[in-house]
Each structure stands twice: as structure tokens, then as C-alpha cells.
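What follows is a single structure, written as C-alpha cells, with notes after it.
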Number of protein chains: 2
Amino acid sequence: MAQTRNKFDFEDLLDKHHLKKTSPRLRVLSMMASKSTATSQPDLESVMNDIDRVTLYRILNAFEEKGIIHKVFDLNGTANYAMCSSNCEEHHHHDEHLHFNCTMCKNVYCLDDLHLPPVTLPEGFTTQGFTLYANGTCPKCTKKAAATAKV
Amino acid sequence: MAQTRNKFDFEDLLDKHHLKKTSPRLRVLSMMASKSTATSQPDLESVMNDIDRVTLYRILNAFEEKGIIHKVFDLNGTANYAMCSSNCEEHHHHDEHLHFNCTMCKNVYCLDDLHLPPVTLPEGFTTQGFTLYANGTCPKCTKKAAATAKV
DNA sequence: ATTCAATTGCAATATTATTGCATTTAAAAT
DNA sequence: ATTTTAAATGCAATAATATTGCAATTGAAT
């Protein structure tokens, strides 16, 4: 479930990272925070079509560098962005949770609670982090499919 | 280690999938099979710069559809391609192994032997498959780093 | 209120991907 | 072996996506 955040949370967040509180930035933040899934770059663009494409790129990059959001490519290679959980630090993301990519609605769910079982790598490989992806059908689409099947 | 394959293996492979044995296709296959890592689209393009870009796209798509290769996006969102292990079927890939993405050389290693520990998804999610990514330093780059550090 | 630096938006450019079509090539048929 | 046919390639055009430079604007500090 998306955390409930208000305007002031976002302003504080920007302050904390020495970013100016501008309207495009606040809008991007509130859009992302309102959703339970990650938001794809195309979606952001079409919803915020009055914000310049380039500005959007720059906002997303800035947020990512500051550790406010994290970027995750879905299984089709499109970039998706989601708010970082509190323990993300600048330049060092902790998004080692499960990314569930629904093949029907394309949404990417960040399932924070699910942590990965430990994996041992072959000799010589050292790792900074893991990311687990799953693809399949999300609850919403499962329901939808069941509903249409009944008709 | 890359399997040793010869020209005839590739011709058989194409035959099996009712694809004509053309020179561009055979070259793509032999390039991919000669490497122990997946090959990025940019690399393919620059090495095979005499093959038309469009042709390359079409070859890769055809191979992927037939289950000859699989496509994996590295952590920067660039497409990488690797030969499928024998148990890939058309339209249904079995690439549920670990994809190790080296942050130094950018190479993607398909570590087939490493299978994933079972993961239980939250209620409502049904999955078709998992993909585990790791990023870090591969054996080659670790050696390289050690060598330069000594100097 | 004024100043200054950060941020935005626009224009231009670069990179990456897709589509249509004429030409070529591999395989099938004769 | 030659001809025929369908598949595959390469080129040109276009679309979609990403990046860079710069002038105008805006938020925050003075």
C-alpha cells in the first residue's frame, strides 16, 4: 500500500537533499507516492505532459542520485521509478527486494517485505547486490481475468 | 565456459527452426556462442558493422521467438543476448538462472548452474518465472583491479 | 527588494528502434 | 542444372527515445 504523504513531507524531502521545491518536482513526487506500484517513464510523461520531457529526465536523474527514488527496468527494458524506502542512501540504493512485473498491466510492484534467500556465487564473483524479478499476473489482473471469464 | 560448437551445429540449429542459413545469421550465432557472457546489442552492432542494423534487429527477434537465444536487460537497461540452454522452447524461455552484471566491464554472465531458492509471493500474485540479477565485479575484473593496485 | 544560483523550457542534435519496399539469396520444384 | 518461389537482406524514410547548450524563469539567500 502506498504510504500516505502530504505536501509537507515532499517539501521536507526536497529540503533535506538541497533541492529546490519546484512545482514539477512536487508533482512528480506526489504522483509516485500515490501509487502502490512503480511508475514507468512513459506513464510519467503522458500524465505530466505539460512538464517538459527534458525536465522530467533531469528530475528523475536528480531524485535517483539523491536516493529519493530508485529506477528499475521492467522485463521489457522500460525504466520504472519508485519511491525509495527510508533506508536508501545517496548513491547507494537498497532495492534488493522483489520486483514483480505483471505481464498484463505491465505494472511493476516493489515487494519490499520479501527479502531474498541467500545465494552463493561461484568463485571469483563478488557482488554489491541482488535484484529478483518475477513476472506473472498481479492480483488486480487476476480478478479482472476471472470476471471476464465468467461472462 | 562457452560450449564448443562448429559451423554445422549452427546450420542444424537454423534448419531445426525452419530458418534459412544465411551468412549474417551464422555469424551472429558463432559470435554469441564463442563468448562465455551474453553479448550486448551495441557490441553486436559494432562488431558486425557490415550487417545492416535493421537486419540485426530482425535476426535477434527471430532467434528469440524461436527460443534460440534469450534476451536479458542489464542493469542499465541495455539488451543483451545469450544462447539458450537446450531446454528452451519456442515462446517459452527457461532463463531462470542468475544474471550477473559486472559493473566494471558491463558483461552479463548467465550462471546456469545457480538456481534460485524458492520464494513465496504474497497472496494474489501468480508467477510465470523468476529472474535473479546480481551486480558486482566479475573474476576477470577482480584480477585486473588487483594487478593495477600492485603497481 | 535585490541578487544569485538552481531549475526549467525550448531548440537542436544524437541515439535507438520500426516500417515499407526493392533487391538478393537460399531452398524447393522442375 | 535451371527455374521458381518465398524468405531474408539492405536501403531509405520515419518514429521514438535520450542528450546537450543556452536563454528565460524561479526559489531561496542576502
Side-chain angles (χ1 to χ4, degrees), chain A residues 7-31 38-66 68-69 71-81 90 106, chain B residues 7-32 38-66 68-69 71-81 90 106 108:
Chain A
K7 199 186 156 199
F8 304 107
D9 289 329
F10 301 140
E11 299 198 342
D12 285 353
L13 194 57
L14 291 176
D15 257 346
K16 198 173 82 183
H17 292 98
H18 312 295
L19 294 171
K20 281 164 57 169
K21 307 160 205 156
T22 67
S23 132
R25 284 180 178 163
L26 290 168
R27 286 174 56 203
V28 169
L29 284 180
S30 72
M31 157 140 190
T39 313
S40 73
Q41 176 130 357
D43 277 5
L44 278 166
E45 278 179 20
S46 62
V47 174
M48 313 260 178
N49 53 33
D50 53 329
I51 301 179
D52 188 81
R53 266 179 80 68
V54 178
T55 303
L56 196 50
Y57 278 107
R58 291 196 265 229
I59 289 178
L60 294 171
N61 285 340
F63 285 2
E64 202 197 356
E65 281 183 2
K66 296 292 187 176
I68 297 176
I69 61 178
K71 185 185 199 169
V72 41
F73 292 97
D74 66 20
L75 298 168
N76 307 308
T78 16
N80 284 60
Y81 294 91
E90 195 156 340
K106 312 289 179 212
Chain B
K7 198 186 156 197
F8 304 108
D9 287 327
F10 300 138
E11 299 196 344
D12 285 353
L13 192 58
L14 291 175
D15 258 347
K16 199 173 81 183
H17 291 99
H18 312 293
L19 295 171
K20 283 166 54 169
K21 307 161 206 156
T22 67
S23 129
R25 283 179 178 166
L26 290 167
R27 286 174 56 204
V28 169
L29 284 180
S30 72
M31 157 140 191
M32 296 210 309
T39 313
S40 73
Q41 177 133 353
D43 277 5
L44 278 166
E45 278 180 19
S46 62
V47 173
M48 313 259 179
N49 54 33
D50 53 330
I51 300 178
D52 188 80
R53 265 177 80 69
V54 178
T55 303
L56 195 50
Y57 277 107
R58 292 197 263 229
I59 289 179
L60 293 172
N61 285 340
F63 285 2
E64 202 197 356
E65 280 184 5
K66 296 292 186 178
I68 298 177
I69 62 178
K71 185 185 199 169
V72 41
F73 292 97
D74 66 19
L75 298 169
N76 307 308
T78 17
N80 284 60
Y81 295 91
E90 195 157 339
K106 311 289 178 210
V108 175

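In what follows, chains carry the letters A, B, and so on, assigned in the order in which the sequence lines appear, proteins first and then strands, with residues in each chain numbered from 1.
- By the side-chain contact (heavy atoms from CB on, under 4.5 Å) test, Leu75(A) is found to be paired with Asn101(A), Tyr133(A), Asn135(A), residues two or more places apart in sequence or in another chain being considered.
- Following rounding to the nearest Å, His17(A) (NE2) and dA6(C) (C1') show an atom-to-atom distance of 17 Å.
- Taking Asn49(B) as the reference, nothing meets the side-chain hydrogen bond (donor to acceptor under 3.5 Å, both in side chains) condition, with sequence neighbours excluded.
- Under the rule for a side-chain contact (heavy atoms from CB on, under 4.5 Å), the partners of Val54(A) that lie at least two apart in sequence or sit in another chain are Asp52(A), Arg58(A).
- The end-to-end axis angle of the helix from dA1(C)-dT30(D) to dT30(C)-dA1(D), rounded to 10 degrees and based on five pairs per end, is 30°.
- The separation between Asn61(A) atom CG and dA6(C) atom C1' is 16 Å, rounded to whole Å.
- Scanning for salt bridge (charged side-chain N to carboxylate O under 4.0 Å, His left out) contacts around Arg53(A) gives Glu45(A), with sequence neighbours left out.
- Rounded to whole Å, atom P of dT17(D) lies 7 Å from atom CD of Glu45(A).
- Checked against side-chain hydrogen bond (donor to acceptor under 3.5 Å, both in side chains), Ser30(A) has no partners two or more places apart in sequence or in another chain.
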Run the numbers on Asp43(A) and Lys106(A) for salt bridge (charged side-chain N to carboxylate O under 4.0 Å, His left out), then give the verdict. CA-CA 11 Å; Asp43(A) 277 5; Lys106(A) 312 289 179 212; over 6 Å; no
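- Following rounding to the nearest Å, Leu60(B) (CG) and dT16(C) (P) show an atom-to-atom distance of 15 Å.
- For the salt bridge (charged side-chain N to carboxylate O under 4.0 Å, His left out) test, residues two or more places apart in sequence or in another chain that qualify with Lys21(A) are Asp15(A).
- Summarising the geometry, the separation between CG on Asp12(A) and P on dA28(D) is reported as 12 Å, rounded to the nearest angstrom.
- If you take CG of Leu44(A) and P of dT17(D), they are 14 Å apart, rounded to a whole angstrom.
- Atom pair Leu26(B):CG and dA27(C):C1' shows a separation of 14 Å (rounding to whole Å applied).
- Between the C1' atom of dA6(C) and the NZ atom of Lys66(A) lies a distance of 12 Å, rounded to the nearest Å.
- Comparing Gln41(B) and Lys21(B) along DNA chain C, the residue whose closest nucleotide (by nearest heavy atom) sits nearer the 5' end is Gln41(B).
- A heavy-atom distance below 4.5 Å is found between the side chains of Asp50(A) and Arg27(A).
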Determine, for nucleotides 7-14 of chain C in 5'-to-3' order, which nucleotides have protein heavy atoms under 4.0 Å from the base (write B), from only the sugar-phosphate (write S), or from neither (write -). SBBBB---
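- Closest approach of Ala79(A) and Pro42(A) over heavy atoms only: O-CD, 4.5 Å.
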